A.B. asks: 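Dumping the structure here so I can ask a few things about it.
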Amino acid sequence: METEELALAEDRRSMSKLILFATIASGVIAAYLMYRRGESLGTIAKQAVTNPIGSLMTEVKNKL
């Protein structure tokens with residue numbers, strides 16, 4: 001029983017790390033795309049920090 005609980009806890013930690021990494025990566029990519037588009041650094045920082053995934057989606061839509 002304990003090994004199942006430990007495995008479940010480890011899976012949750014792994015998933016949390018993956019979500020954190022994906023969020024940070026999407027913020028960095030969105031910031032880079034906004035920078036290439038010519039946005040001000042203040043706007044880039046605000047959008048990339050407050051909504052990294054939404055910012056990335058917006059930038060990808062702008063590219064297409």
Side-chain angles (χ1 to χ4, degrees):
M1 188 102 174
E2 287 183 19
T3 56
E4 291 177 12
E5 291 174 358
L6 289 175
L8 184 60
E10 187 175 324
D11 288 343
R12 286 183 182 162
R13 278 192 294 265
S14 296
M15 186 60 72
S16 294
K17 288 180 183 179
L18 178 65
I19 291 171
L20 178 65
F21 176 75
T23 302
I24 292 171
S26 65
V28 169
I29 293 167
Y32 173 73
L33 292 173
M34 284 187 272
Y35 177 77
R36 291 215 36 207
R37 191 166 42 98
E39 285 288 329
S40 69
L41 291 178
T43 302
I44 293 172
K46 179 182 173 191
Q47 289 181 355
V49 170
T50 59
N51 189 8
I53 296 172
S55 298
L56 178 62
M57 291 174 52
T58 302
E59 291 304 313
V60 169
K61 286 179 185 176
N62 285 340
K63 280 291 189 184
L64 299 177

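Quantities reported herein were computed from a predicted structural model and do not represent experimental measurements.
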A.B. asks: Hey, what else clusters with I44 if you join Ile, Leu, Val, Met, Phe, Trp, Tyr whenever side-chain heavy atoms sit under 4.5 Å?
C.D. replies: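 For the cluster that includes I44, the remaining residues are M34, Y35, L41.
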A.B. asks: Mind checking who shares a hydrophobic cluster with I53, ILVMFWY linked at side-chain heavy-atom distances under 4.5 Å?
C.D. replies: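 M57, all in the cluster of I53.
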A.B. asks: Report all side-chain donor-acceptor pairs from residues 14-31 shorter than 3.5 Å, counting only partners two or more places apart or in another chain.
C.D. replies:
from	atom 1	to	atom 2	distance (Å)
S14	OG	E10	O	3.1
S16	OG	R12	O	3.0
T23	OG1	I19	O	2.8
S26	OG	A22	O	3.2
S26	OG	T23	O	2.9

A.B. asks: Taking the side chain as every heavy atom from C-beta outward, state whether E39 and Q47 have any atom pair closer than 4.5 Å.
C.D. replies: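 No, side chains not in contact.
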A.B. asks: To the closest 0.5 Å, what do you measure between CG (L33) and CG (N62)?
C.D. replies: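 Nearest 0.5 Å value for the CG-CG distance: 9.5 Å.
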